[in-house]
Participant: 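Have a look at this one before I ask anything.
Bear in mind the structure is a predicted one, so any value in this text is a computation, not a measurement. Computation of the quantities below employed the complete heavy-atom set of this structure, encompassing side-chain atoms and omitting hydrogens, waters and symmetry-equivalent molecules. The chains referred to below are lettered A, B, ... by the order of the sequence lines, with proteins before strands, and numbering in each begins at 1.
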Amino acid sequence: MTRDSLFTASTPHTRDVVPVLVPMPADRAYSYVVPDELAVEPGSVVQVPLGPRKVAGVVWHGESDAVDAKKLRAVEHVFDCPPLDAAMRRFIDWVAAYTLSPPGLVARMALRAPAAFDPEAMVEGLRLGDTRPERLTDARGRVLETAGDGMAWTRSGLAHAAGVSAGVVDGLVRLGVLEPLLVPPRPVVPPPEPGYAEPSLSPAQAEAAETLVEKVREDAFSVSLIDGVTGSGKTEVYFEAVAAALREGRQVLILLPEIALTEQFMDRFHVRFGTRPAQWHSEAAPKTREKVWRQAATGAVRVVAGARSALFLPFRELGLVIVDEEHDPAYKQEDRVFYHARDMAIVRASITGFPVVLASATPSIESRVNADRGRYTRLRLPARFGEAALPDLSTIDMRRHPPARGGFLSPVLIEETKATLARGEQALYFLNRRGYAPLTLCRVCGHRFECPNCSAWLVEHRFRGRIECHHCGYGQPTPEACPECGTLDHLVACGPGVERIAEETDKLFPDARIIVLSSDMMGGTKRLQRELAAIADGEVDIVIGTQLVAKGHNFPMMTLVGIVDADLGLSNGDPRAAERTYQLLGQVTGRAGRTGRASRGLLQTYQPTHPVMQAIVSGDAESFYEREIAERERAGLPPFGRLASIIVSAEDRADAEDHARGLRRAAPADAAMTVLGPAEAPLALVRGRYRFRLLVQGPRTADMQGFLRATIAAGPKMRRTVRVQIDVDPQSFL
DNA sequence: GTGTGGTGAAAA
DNA sequence: TTTCACCACACG
């Protein structure tokens with residue numbers, strides 16, 4: 001085949017010039033010459049010179065940019081890996097256009113595996129030859145029997161499988177009984193078996209699973225939303241869709257919000273499919289990442305479980321994406337290319353034409369709206385499955401049952417905890433606030449400790465002896481004297497954090513074994529895994545945790561969940577406050593009673609009649625969603641209107657502010673669009689850069705993109721340190 | 001996104 | 001005078 005026939009004939013190009021997307025923020029592909037000895041086609045992964053360096057890029061489609069012949073440089077190398085197919089390239093174009101990001105940066109996300117583009121080296125393997133040993137010992141017999149399947153084995157693999165030492169195998173190699181040969185490297189994980197352990201499903205589960213299996217067999221674009229309380233068996237249901245896709249010869253991607261904390265998920269997958277899925281996340285070792293990338297591209301890996309970035313893996317035969325906990329805000333990427341993985345998963349599926357399954361006990365409002373409008377199929381799992389019974393949930397009216405002076409736990413919760421511990425069961429106290437106290441003030445002059453960078457209070461961390469800003473990471477040792485009036489020892493901590501609740505709990509239950517689980521806990525993921533295992537083994541009586549405990553860990557003895565401050569987060573001005581609180585409280589109370597024991601959830605609140613409390617306690621999600629949706633419709637908020645932000649960031653606070661103001665002035669007059677900020681938008685410090693958001697609200701995404709482009713084009717000339725990015729996303733409101 | 005080379009100011 | 005930090009610029 002000639003080069004010309006490889007490169008689409010419909011693309012008129014003078015000689016051998018092709019467009020290549022390079023990993024930098026240019027608004028289009030760069031042109032490169034293809035030397036005679038190389039053959040490329042759209043999608044080829046190539047090495048090209050870019051200024052003084054060499055970078056990996058993708059040969060793109062469409063016309064190559066006309067450029068001065070003197071500037072043209074040559075493609076240096078075509079990597080020996082499958083080219084990105086047309087669907088993947090359309091996906092990249094689509095994401096770039098939608099998020100208003102440079103296509104090269106989107107392509108870069110698909111090429112994030114430094115040395116994976118050339119094939120993995122072959123490894124030494126062994127195969128049974130024709131000669132047989134003269135002396136046939138027991139051990140040798142076992143090796144011959146094991147290797148008798150005619151397959152190629154690795155040296156250690158064969159020794160292990162035959163139950164002999166590697167020396168026996170080596171001896172047989174020397175005798176020529178086993179012949180060395182080169183074999184392709186082992187896949188990162190063995191292929192999952194769809195029929196490994198078929199589950200027994202409840203009628204509701206079976207019905208939902210059947211629907212999903214049909215969608216997979218249809219092999220066409222569709223979105224299904226599995227909506228069922230924690231413990232109703234959503235995972236088992238979508239595992240059947242996974243099995244169906246595997247039987248159809250398709251690859252499967254399972255997106256999880258926080259892959260680092262998902263040991264239990266991996267185990268469940270193993271139980272169902274006989275092997276773990278390949279894992280993809282940013283903390284994975286580079287070697288593993290490369291293998292997974294490569295093997296997703298070649299089709300050697302059939303199931304990948306990954307964080308949001310896994311959506312940009314170049315799967316060869318992707319036929320199903322599962323988005324577990326679809327409501328989780330961790331699906332949103334908020335730097336470089338701003339995107340929501342759930343939404344982009346749906347886009348990828350619609351381009352290629354395969355089904356997506358969203359799963360959540362507390363779906364996002366926009367998914368519920370899409371389901372109500374018939375765009376998604378809604379599959380409801382109304383009850384808990386098997387032994388698991390729903391916890392008995394009620395509010396504690398804090399006006400009627402106030403805590404003791406200086407405390408934060410009501411007598412009702414304390415009594416219930418006593419009873420729980422007396423039964424030898426575990427209690428969980430949930431408070432979504434790290435540290436000891438959210439505010440420190442001076443009793444003499446009233447001075448409040450505020451962050452010098454942000455509009456936030458400094459949170460005391462007594463254990464570390466520091467006060468810190470949870471917004472930008474600013475911190476200082478806890479002072480002894482008031483910086484305003486100089487008075488010593490008159491600083492008071494106001495309000496509770498988990499450390500303070502732990503202190504109170506320790507006084508109330510001096511004999512109980514108490515543990516605090518907080519995302520800022522030192523020791524990282526490893527320590528956390530250990531702590532979680534200890535809790536599951538019953539080595540702890542009371543767990544005090546931040547939102548980290550909302551993620552899907554199952555503790556068999558956990559029969560009481562106390563929400564210390566259920567009102568927290570309801571009044572911060574975010575139009576998503578109610579939705580977020582409902583989701584969080586729903587997830588946390590769902591931790592109770594997952595293995596059959598009677599369990600309780602108690603919500604300490606000053607507003608027991610608030611719709612969120614009512615919805616949680618009554619289990620009536622329907623009317624909560626209806627109400628929430630109606631409310632948004634009235635306010636013209638997503639998912640009915642669109643919301644975007646123009647994000648301006650700079651190392652210097654004043655630069656960011658100036659530029660944001662300039663952009664605000666430059667916004668074209670448009671009755672349908674509202675631009676807020678920067679005065680109204682809080683300042684944030686993200687990775688050492690000051691960030692402002694100009695909120696833009698409008699009726700339709702397409703209009704909004706034009707508006708955003710026009711605003712930026714008319715805006716002030718950008719300085720080197722200033723960066724402007726766009727966040728077009730119905731999911732995020734700050 | 002990143003390396004280069006130009007500019008001016010601090011150090012030798 | 002030499003060195004260094006900063007920043008605009010180009011990169012095909």
Participant: Which listed nucleotide (B/dG1, C/dC9, C/dC11) is nearest to the side chain of A/Tyr30?
Facilitator: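 Nearest to the side chain of A/Tyr30 among the choices is C/dC11.
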Participant: Using a cut-off of 4.0 Å on non-hydrogen atoms, how would the nucleic acid contact of A/Arg73 be classed: base, sugar-phosphate, or nothing?
Facilitator: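 A/Arg73: backbone/sugar contact only, no base atoms under 4.0 Å.
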Participant: Can you figure out which of B/dG1, B/dT4, C/dG12 approaches the side chain of A/Arg723 most closely?
Facilitator: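 For the A/Arg723 side chain, the nearest candidate turns out to be B/dG1.
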Participant: What is the distance, to the nearest angstrom, from the CG atom on A/Asp655 to the C1' atom on C/dA8?
Facilitator: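 One finds 14 Å between C1' of C/dA8 and CG of A/Asp655, rounded.
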Participant: If you define the side chain from C-beta out and look only at heavy atoms, does anything of A/Leu548 sit under 4.5 Å from A/Ser519?
Facilitator: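 Sidechains of A/Ser519 and A/Leu548: in contact.
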Participant: Find the distance A/Asp68:CG to C/dG12:C1' and express it as a whole number of Å.
Facilitator: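 Spelled out: CG on A/Asp68 to C1' on C/dG12 is 10 Å.
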Participant: Measure from CG on A/Asp16 to C1' on C/dG12 and round the result to the nearest Å.
Facilitator: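 Answer to the nearest Å: 15 Å.
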Participant: Figure out the CZ/P separation between A/Arg53 and C/dG12, and round it to whole Å.
Facilitator: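 Going from A/Arg53 (CZ) to C/dG12 (P), I get 10 Å.
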Participant: In this structure, how many angstroms lie between the P atom of B/dG3 and the CG atom of A/Leu50, rounded?
Facilitator: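 Roughly 11 Å, once rounded to whole Å.
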Participant: Could you check whether A/Asp65 gets within reach of a base, just the sugar-phosphate, or nothing at all, counting any heavy atom under 4.0 Å?
Facilitator: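 It contacts base atoms.
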Participant: Out of A/Pro19, A/Ser44, A/Pro103, A/Pro42, which residue meets the side chain to side chain contact (heavy atoms under 4.5 Å, CB included) rule with A/Trp60?
Facilitator: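 That would be A/Pro19; it is the only one of A/Pro19, A/Ser44, A/Pro103, A/Pro42 passing the side chain to side chain contact (heavy atoms under 4.5 Å, CB included) with A/Trp60.
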Participant: Looking across every strand, which nucleic acid part, if any, lies under 4.0 Å from A/Pro25 by heavy atom: base, sugar-phosphate, or nothing?
Facilitator: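 Answer is base: heavy atoms of A/Pro25 come under 4.0 Å of a base.
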Participant: Can you tell me the distance, in whole Å, between the CG atom of A/Leu111 and the P atom of B/dG1?
Facilitator: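 After rounding, the reported distance stands at 16 Å.
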Participant: Can you pull the ring-ring contact (aromatic ring centres under 6.0 Å, His included) pairs that have at least one residue in residues 300-326 of chain A, sequence neighbours excluded?
Facilitator: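 Only A/Phe91-A/Phe312, A/Phe312-A/Tyr339 qualify under ring-ring contact (aromatic ring centres under 6.0 Å, His included).
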Participant: Among B/dT4, C/dC9, B/dG1, find the nucleotide with the atom closest to the side chain of A/Lys717.
Facilitator: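 For A/Lys717, the side-chain atoms sit closest to C/dC9.
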Participant: Give a yes or no answer on whether the side chain of A/Ser31 reaches the backbone of A/Val67 with a donor-acceptor pair at less than 3.5 Å.
Facilitator: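 Judged by distance alone, no pair lies under 3.5 Å.
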Participant: Just how far, in rounded Å, is P of C/dG12 from CD of A/Glu76?
Facilitator: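 Between P of C/dG12 and CD of A/Glu76: 11 Å.
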Participant: Figure out the NZ/C1' separation between A/Lys71 and C/dC11, and round it to whole Å.
Facilitator: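 Result: 8 Å.
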Participant: So do A/Arg289 and A/Arg112 actually touch side chain to side chain, heavy atoms under 4.5 Å?
Facilitator: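 Result yes, sub-4.5 Å side-chain heavy-atom pair found.
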Participant: Classify A/Ala26 by what it touches in the nucleic acid, base, sugar-phosphate, or nothing, heavy-atom distance under 4.0 Å.
Facilitator: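 If one applies the 4.0 Å heavy-atom cut-off, A/Ala26 turns out to touch nothing in the nucleic acid.
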